[in-house]
Visitor: 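To start, I am sharing the structure in question, which I have written as structure tokens.
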Amino acid sequence: MTVSISNTLGGQREPFAPLDGTHVKMYVCGMTPKREPHIGHARLFVAMDMIRRYLTYCGYEVEHVQNITDVDDKIIAAAEREGITADAVAQKYTDAYDAVMGRLNVLRAHVFPKVTETLPQIIAMIEGLIEREAAYVAEEAVYFSVPGFAAYGALSTRSEDSGIQAGASGRVDDEPGKRDPRDFALWKPAKPGEPWWSSPWGQGRPGWHIECSTMIYETLGARIDIHGGGADLIFPHHENEIAQSEAYTGEQPFAKYWLHTGLLTIDGQKMAHSLGNFITIEDILESYSGPVLRLYLLSVHYRSPLTYTPESLEQARAGMARLTGALRAQAGGAGSADEQLTQAAQRAEAGFFDAMNSDFNSAGALGQLYELVRDINRLSADAQPAALESAQGTLVSLADVLGIDLQEVLEAELAGGDGDASGFIDLLVELRADLRKEKQFALADKVRDELAALGILLEDSPSGTEWRRKA
RNA sequence: GGCGACGUAGCCAAGUGGUAAGGCGAGGGUCUGCAAAACCCUUAUACAGCGGUUCGAUUCCGCUCGUCGCCUCCA
């Protein structure tokens, strides 16, 4: 059974076969660090992380590069707004990104190229494109010549006479010397006060698209296996990348598999900084743990649109409590259910990998985990410790493939939190046990209720009382 | 206007050419001093609508409607 991938290029699901054996070159269009990352960003990066982890699990060596667009109109605007330099803005929000991705258990890319550190290479690539007559120097800027690139529109399935010209109209006036409405800037002049770099075409900065082509060429080479990004980047950004890269290297396909995540919407609209309707990842993490947010994002197939609602996060929290709950199950039997448990674990494992092999269907894979949870809870009383622990081990290791560390979440439920109040909680639990012995149930229940209000959940069992924190 | 994606129960969400995983919520039980957790049962005359292909479609094709996205910065 091999992994199959839905490829935006071609619109088909295809078996995954890297260009070079088991080596996978993966590039993800990263952040423009201009504001705090929001949960739409989280969706992309968690999805790509899940894919990277799964491929790695399958034995591939994934080389992951993710750019940082630290030069951009919005960054310049943010610098003015915040009264700091553009560099400082980029650094501030790059740090914000790092902090939050760590909590979501997103593995760091192996390389994070920045535009500001790639200028000579970008200029060299533009020069190369001009030499190849794929680009031309206009009055103020350098443009890529789209009419010279026959395959233009293949990714976004747009033809010249469909929407591209109509959409580009109105921009032509602002760009003197541009020959075709579809042509796009590789280099543009700096306006007064903007950051700039010297180039053969004067002081200016790169266009948006060229950076990715250059960074990929410099870090991964002429051709890569996987190129990922949000669905909103298909056109024009990724279309333009293909044109630049293939025109420059003469090799194609530039990227073998194009993976795009469905956009996250809120109140019927795409979540975006520019629309002002965003919820930052940090905001969510005030109320929910990283693993819960990650679970939420993986509960929907990465290509589907995802509508954010507060309720869906509550559902994810409940789901997480269910997953860790199965880890707290105790073996209580002589082993009459051992065989059933073993089979349940095998069934879940097989279903899990079937789902994951089908275009990284994390939602379907999670469904298998929940089934295993039910079987563990149902059968634990009649199982021996070894069989139960084995099934629980399967649950933990499958969740781990998705980047969800159930052991860690469980430990956080049992201890963790700010400061360590465990001693005091244990004391209250003991006192309550005494009250219960004295049949002072009103007081005992008060202790329980008050603790619950503080997020500490008590569960009585014949063997005593256990407590945990709300996920 | 053009291009694309999506439309499954109260909600979230997988999936399949042969009559629909899972989760949340709700109701009823078991357990419990009462709870909680867990388990069991119940909660879709059928997957937006209309046609078509097929022995048979939710699952393929066409159209319609709706939602979202892209065509301008955008994950």
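Residue numbering restarts at 1 for every chain, and letters A, B, ... go by the order of the sequence lines. Basis for what follows: all heavy atoms, side chains included, without hydrogens, waters or symmetry-related copies.
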Visitor: Would you indicate which nucleotide in B:A36, B:C3, B:G33 comes nearest to any side-chain atom of A:E459?
Guide: B:A36
Visitor: Using the closest heavy atom to pick a nucleotide of RNA chain B for each, name whichever of A:G367 or A:H38 lands nearer the 5' end.
Guide: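 Nearer the 5' end of the strand: A:G367.
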Visitor: Would you mind classifying the nucleic acid contact of A:L264 as base, sugar-phosphate or nothing, using non-hydrogen atoms under 4.0 angstrom?
Guide: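 It contacts base atoms.
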Visitor: Looking only at atom types and distance, does a side-chain atom of A:N67 sit under 3.5 Å from a main-chain N or O of A:G30, one as donor and one as acceptor?
Guide: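 Pair found, side chain donor or acceptor close to backbone of A:G30.
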Visitor: Between P on B:C39 and CD on A:Q330, what's the gap in Å once rounded to a whole number?
Guide: 15 Å
Visitor: Taking the minimum atom-to-atom distance to the side chain of A:E371, which one of B:G22, B:G33, B:A37 wins?
Guide: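 Selected nucleotide: B:G22.
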Visitor: Using a 4.0 Å heavy-atom cut-off across all strands, classify A:N361 as base, sugar-phosphate, or nothing.
Guide: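 Contact class for A:N361: sugar-phosphate only.
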Visitor: Is the shortest heavy-atom distance from the side chain of A:T265 to the side chain of A:Y308 under 4.5 Å?
Guide: no
Visitor: Look at the side chain of A:D232 against the base of B:C73 and say whether a donor-acceptor pair falls under 3.5 Å; ignore hydrogens and angles.
Guide: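 Answer no: no donor N or O sits under 3.5 Å from an acceptor.
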Visitor: Under 4.0 Å, heavy atoms only, any strand: does A:L263 hit a base, just the sugar-phosphate, or nothing?
Guide: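 Base contact - A:L263 has a heavy atom under 4.0 Å of at least one base atom.
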Visitor: For B:C11 versus B:C70, give the span between their P atoms, rounded off to a whole number of Å.
Guide: 27 Å
Visitor: What contact category does A:I234 fall into here, base, sugar-phosphate, or nothing, at under 4.0 angstrom with non-hydrogen atoms?
Guide: nothing
Visitor: So what does A:G40 hit on the nucleic acid, given a heavy-atom distance under 4.0 Å: a base, only sugar-phosphate, or nothing?
Guide: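 Counting heavy atoms under 4.0 Å across all strands, the contact made by A:G40 includes a base.
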Visitor: Would you say a side-chain N or O of A:T309 is under 4.0 Å from OP1 or OP2 of B:C11?
Guide: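 So the side-chain polar atoms of A:T309 never come under 4.0 Å of the phosphate oxygens OP1 or OP2 of B:C11.
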Visitor: Looking across every strand, which nucleic acid part, if any, lies under 4.0 Å from A:Q269 by heavy atom: base, sugar-phosphate, or nothing?
Guide: sugar-phosphate
Visitor: Considering every strand and a 4.0 Å limit on heavy-atom distances, what is the contact class for A:Y370: base, sugar-phosphate, or nothing?
Guide: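 It contacts sugar-phosphate atoms only.
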Visitor: If you assign A:T265 and A:D449 each to the RNA chain B nucleotide with the nearest heavy atom, which residue ends up on the more 5' nucleotide?
Guide: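 The residue whose closest nucleotide sits nearer the 5' end is A:D449.
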Visitor: Check whether the side chain of A:R43 and the base of B:A75 form a donor-acceptor pair under 3.5 Å.
Guide: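 Looking at the base of B:A75, it does not pair with any donor or acceptor on the side chain of A:R43 (distance under 3.5 Å).
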Visitor: Answer with yes or no whether A:R378 presents, from its side chain, a donor or acceptor under 3.5 Å of a partner atom in the base of B:C40.
Guide: no
Visitor: Please determine whether the number of non-hydrogen atoms from other residues, nucleotides or ligands lying under 6.0 Å from atom CD of A:Q343 exceeds 12.
Guide: yes
Visitor: Could you please name the option among B:A75, B:C70, B:C73 that lies closest to any side-chain atom of A:K74?
Guide: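 Output: B:C73.
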Visitor: Counting only Watson-Crick pairs (N1-N3 plus N6-O4 or O6-N4) and G-U wobbles (N1-O2, O6-N3), all under 3.5 Å, who is the partner of B:G33?
Guide: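 Paired with no nucleotide.
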Visitor: Using only heavy-atom distances, decide whether a donor-acceptor pair under 3.5 angstrom links the side-chain of A:Q315 to the base of B:C11.
Guide: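 Answer yes: a donor N or O sits under 3.5 Å from an acceptor.
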Visitor: Answer yes or no: side-chain N or O of A:R158 and base N or O of B:G4 forming a donor-acceptor pair under 3.5 Å.
Guide: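 Donor-acceptor pair under 3.5 Å: no.
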Visitor: Is there a donor on the side chain of A:R374 or the base of B:C39 sitting less than 3.5 Å from an acceptor on the other?
Guide: no
Visitor: Is there a Watson-Crick or G-U wobble partner for B:C70 with both distances under 3.5 Å, and which nucleotide is it?
Guide: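 B:G2 is the nucleotide pairing with B:C70.
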Visitor: Within the structure shown, what part of the strands sits under 4.0 Å from A:D73 by heavy-atom distance: base, sugar-phosphate, or nothing?
Guide: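 The residue A:D73 makes no contact with any strand.
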Visitor: Which listed nucleotide (B:C73, B:A14, B:C39) is nearest to the side chain of A:R322?
Guide: B:C39
